[in-house]
Trainee: 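Sharing a structure, written as structure tokens. Questions coming.
Just so you know, these numbers come straight off a predicted model, no measurement behind them. Every chain is numbered from 1 and lettered A, B, ... according to where its sequence line falls, protein lines coming before strand lines.
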Amino acid sequence: MVTGKTSKVGLRVTIGLLIVFSIVWVFPIIFTILESFRPYGDVLKYGAASWPQHLTFSNYINALVQSHMWSFFLNSVEVAVPAVFLTLFLASMIAFVLSRYESRWNVALLMVFTAGNLLPPQLLFIPLFRLYLKIPVPHFLNENGVLYDTQLGLVLVHVAVQLGFATFVLTNFLRTIPKEISESALVDGANVWQHYWKIIFPLLRPALASLGVLMTTWIYNDFFWSVVLLKSGAKRPITAALSNLQGLYNTDYNLLAAGAVLAFLPTLFVFFSMRKHFVAGLTLGSTKG
Amino acid sequence: MSNDVATRKEVKIAKAGRKARRRNHNFSGGDRATIATFVGVPTLIHIFMVWIPAICTVLLSFTFWDGIGGLKNIKWVGFTNYRQIIQLDADFGPAIRNNLYWLAVFALIATPLGILLAYYIDKNLKGTKFYQTSFYMPLVISLAVTGIIWDYIFNSDGLINSLLGNNTNDSAIDFWGDPNKNIWVVLFIASWRHIGYIMLLYLAGMKSVDPSLREAAAIDGATEWSTFRKVVVPSLRPVNVIIIVVTIIESLRAFDLVYIINRGTNGLQLLGVLVYDNILGSSMRIGWGAAYATLLFILCIGPIIVYLYQNFSRED
């Protein structure tokens, strides 16, 4: 342990500060959960700051059944899962080549991906939106016959954008693995595919797991792209669908609270059960010394 | 630093490997096809769906297009769109101002607070796991849901007004409707999330600091705080650069939070929202939307170049 000088008063102030901050951080989340179990009528009558008189599951039942939160959650899964798998697969392939086969284009190419990851989404969406209105898709995907307002379109955008970050992170990760590991395979006469699939891909697993957890939360939490590229309310992922519960004049706030809890519960669950992966994923791209 | 030693070793290994490979390996036709696919498919997707749209947006910002006729109807108008948004769009000024507020609050308050909290968490005090978990939680909650969560605290029937006994009368504090208040409330909420992000990045960086550096400083009689300031922070140059870049880019991208609160109107205008408004809002002005997007791009170029320099300057 590092030993430095800290006064007892300083220590108390520090702990006090941390406690106050933690409360500010946790409180709104706890409060929303509490609200989600209260009937709307109760809050109307006694005010939001009142002690709960009744607790009920009816907000959750309403959110899941009448407001279709369950199907919106499935929409999110239908977008996030294919997008994450496709991104990880494509990024692992290009990261493998960029880190294992020298070429003078490698650095330039990696810079394209790295910079692409930092572009604001607002810069991309106008042409993509116009393009999506023109690209035909089979009618079973969209009755209007275009890519706009399809989950496929959403998946494609997420893959294209996330490829920037994933390629950057995976290439850096592979560069920390000595190339000697590949040598034996090459001496045995393995071809490029075997080199990738038998040697490199297994080594990538921990990085893929962390990146996968992180990107799943990102895509699940996305709001911008689903607002911009989807029109039908029924196709919306859960984060964007919550605004369906926001009435124009009178919102049932407790129903909305149940919806919000349903929307953040899966990501909080992922966070608590795979916290190491989550933190590792966020720092993979940033701590390259 | 230990990292440099590792890199040098890697370079040596890499060079040896390269020689060996050049000697032993001539790519067959199949291998060439595999490599071409591995590089080509992701590159094409990324360039076609990220970079080409970005360039098209910049080009569109110099044109007039009603979006109804085909591409043939696009007219080149030079800087007219830029002149118009500056002179005619009442939202331009507030948006620039709000983005600057956003940047200032993040850079001067939220980011330093995140670093400060990282310093305290790093001390491994009692209960540090709990504090750390609390600060990370907002990171996994989407910004749209975050807006809804805080709405229970701030809306006119919300907790604060209820505690003040303002529910039944008209004296409720209008946190969202008052254009002099709402941006600060939004910035408080955005900071709630940003602080944890910065803390996470900084903590990860601090783990890589050579402990002997700190021990040496402690033996010299430096306090923990001055060790942190004079030894730890300067040795974290890469993390510092990333934090600056993240702070700027996040404050430019902002969209979700204000959109969920009031669609980015009435005091909550942002450049990122005006792009959306001019394309999918009540009136479609593609040129204006593209001009706003291009402004965002110009503001992002600096941090992007710094980030690239940070990451690639040590490579040949």
Side-chain angles (χ1 to χ4, degrees), chain A residues 2-6 14-15 18 22 25-26 28-29 31-32 35 47-49 90 93-94 97 102 107 111 113-116 118-120 122-124 126-128 160-161 163-164 178-180 183 186 191-193 217 221 223-224 239 242 256 260 263-264 267-268 271 279 282-283 286-287 289, chain B residues 3 13-14 17-18 25 31 34-35 38-39 42 45-46 49-51 53-54 56-57 120 131 134-135 140-142 144-145 148-150 152-153 157-159 162-163 167 200-201 204-205 214 218 223-224 227 238 242 249 252-253 255-256 272 275 279 289-290 293 296-297 300 304 308 312 315:
Chain A
V2 183
T3 47
K5 294 175 189 167
T6 313
T14 305
I15 291 179
L18 284 172
S22 306
W25 255 248
V26 179
I29 299 172
F31 187 68
T32 308
E35 288 289 283
L90 291 169
M93 297 194 308
I94 186 164
V97 176
E102 302 292 327
V107 172
M111 282 170 110
F113 280 98
T114 310
L118 296 175
L119 294 177
Q122 288 94 342
L123 182 64
L124 322 178
I126 305 172
L128 284 177
V161 172
L163 261 177
K179 296 194 182 181
E180 281 159 333
E183 294 301 319
L186 297 174
N191 64 26
V192 172
W193 170 258
T217 26
N221 283 344
F223 182 70
F224 181 79
T239 41
L242 273 180
L256 185 60
F264 70 61
T267 49
L268 273 188
F271 170 65
V279 175
L282 265 178
T283 50
S286 70
T287 50
Chain B
N3 272 343
I13 294 165
R18 226 179 297 158
H25 212 94
D31 281 349
T34 313
I35 288 181
F38 277 20
V39 178
I45 294 176
H46 191 67
M49 290 188 65
V50 173
W51 284 100
C56 288
T57 304
Y120 285 136
Y131 307 134
S134 328
F135 298 140
V140 296
I141 299 176
S142 82
V145 175
I148 292 171
I149 288 176
W150 280 97
Y152 296 108
I153 314 285
D157 306 319
L159 185 68
S162 176
L163 283 174
N167 274 16
L200 183 144
L201 294 176
R214 290 202 208 181
T223 60
E224 273 184 38
T227 308
I242 283 156
I249 294 206
L252 291 171
R253 278 182 173 186
F255 176 89
D256 305 14
V275 180
I279 305 302
L296 273 184
F297 179 44
C300 283
I304 289 176
L308 289 180
F312 295 98
E315 299 179 24

Trainee: Checking heavy atoms, do the side chain of A/V161, its backbone, both or neither come under 4.5 Å from chain B?
Mentor: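 Contact with chain B is through both the backbone and side chain of A/V161.
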
Trainee: Return the option, out of B/L200, B/T34, B/I45, B/I153, with the maximum number of heavy-atom pairs under 4.5 Å with chain A.
Mentor: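 Most heavy-atom pairs under 4.5 Å with chain A: B/L200.
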
Trainee: Measure A/F223 against the heavy atoms of chain B and call it side chain, backbone, both or neither at under 4.5 Å.
Mentor: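 Both parts, backbone and side chain.
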
Trainee: Roughly how far apart are A/I15 CD1 and B/Y120 OH, rounded to 0.5 Å?
Mentor: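 Atom-to-atom, A/I15:CD1 and B/Y120:OH are 11.0 Å apart.
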
Trainee: Can you list the residues that meet the ring-ring contact (aromatic ring centres under 6.0 Å, His included) rule with A/F224, with sequence neighbours excluded?
Mentor: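 A/F224 satisfies ring-ring contact (aromatic ring centres under 6.0 Å, His included) with A/F125, B/F255 only.
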
Trainee: Heavy atoms only: give me the nearest B/A54-A/L124 pair and the separation to one decimal.
Mentor: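 Heavy atoms of B/A54 and A/L124 come nearest at CB-CD2, 4.0 Å.
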
Trainee: Looking at every heavy atom in both B/P53 and A/P127, which two are closest together, and how far apart are they?
Mentor: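 Smallest heavy-atom distance, with atoms named: O-CG, 3.2 Å.
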
Trainee: Can you list the steps and then say if A/W25 with B/Y131 is a side-chain contact (heavy atoms from CB on, under 4.5 Å)?
Mentor: CA-CA 9 Å; A/W25 255 248; B/Y131 307 134; over 6 Å; no

Trainee: Go through the steps to decide whether B/F135 and A/L18 satisfy the test side-chain contact (heavy atoms from CB on, under 4.5 Å), and finish with yes or no.
Mentor: CA-CA 10 Å; B/F135 298 140; A/L18 284 172; 4.1 Å; yes

Trainee: Among A/T217, A/I126, A/L242, A/V279, which residue has the highest count of heavy-atom pairs closer than 4.5 Å to chain B?
Mentor: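 The option with the most such pairs is A/I126.
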
Trainee: Please classify the contact between B/L159 and chain A as side chain, backbone, both or neither, with a heavy-atom cut-off of under 4.5 Å.
Mentor: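 Both parts, heavy atoms under 4.5 Å.
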
Trainee: Would you name the heavy atoms of A/V192 and B/D31 that are closest together and state the gap between them?
Mentor: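 Heavy-atom minimum between the residues: N-OD1, 2.9 Å.
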
Trainee: Given side-chain contact (heavy atoms from CB on, under 4.5 Å), test A/L119 with B/W51 step by step and report yes or no.
Mentor: CA-CA 9 Å; A/L119 294 177; B/W51 284 100; 4.0 Å; yes

Trainee: After noting the C-alpha distance and the side-chain angles of B/L296 and A/L123, does the key distance pass the side-chain contact (heavy atoms from CB on, under 4.5 Å) rule?
Mentor: CA-CA 7 Å; B/L296 273 184; A/L123 182 64; over 6 Å; no

Trainee: Please classify the contact of B/I149 with chain A as side chain, backbone, both or neither, using a heavy-atom distance under 4.5 Å.
Mentor: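 It is both, since atoms from each part get that close.
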
Trainee: Would you mind reporting whether A/I29 and B/I141 have side-chain heavy atoms less than 4.5 Å apart?
Mentor: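 Yes, their side chains come closer than 4.5 Å.
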
Trainee: If I measure from the heavy atoms of chain B, does A/A115 come under 4.5 Å with its side chain, its backbone, both, or neither?
Mentor: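 Both the backbone and the side chain of A/A115 come within 4.5 Å of chain B.
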
Trainee: To check you understand the geometry: which heavy-atom pair defines the closest contact between A/I94 and B/V39, and what is its length?
Mentor: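 Heavy atoms only, the tightest pair is CD1-O, 3.8 Å.
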
Trainee: Return the CG to CG distance between A/L118 and B/L308, rounded to the nearest 0.5 Å.
Mentor: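 It comes to 7.0 Å.
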
Trainee: Kindly write out the residues that satisfy ring-ring contact (aromatic ring centres under 6.0 Å, His included) with B/Y152, not counting sequence neighbours, or none if the list is empty.
Mentor: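 If we apply the ring-ring contact (aromatic ring centres under 6.0 Å, His included) test to B/Y152, skipping adjacent residues, there are no hits.
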
Trainee: Which atoms form the tightest heavy-atom contact between A/Q122 and B/R253, and what is the distance?
Mentor: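 Closest approach of A/Q122 to B/R253: NE2-O, 3.1 Å.
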
Trainee: Which heavy atom of B/V140 sits nearest to which heavy atom of A/N221, and what is that distance?
Mentor: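 So the two residues come closest at O-ND2, 2.9 Å.
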
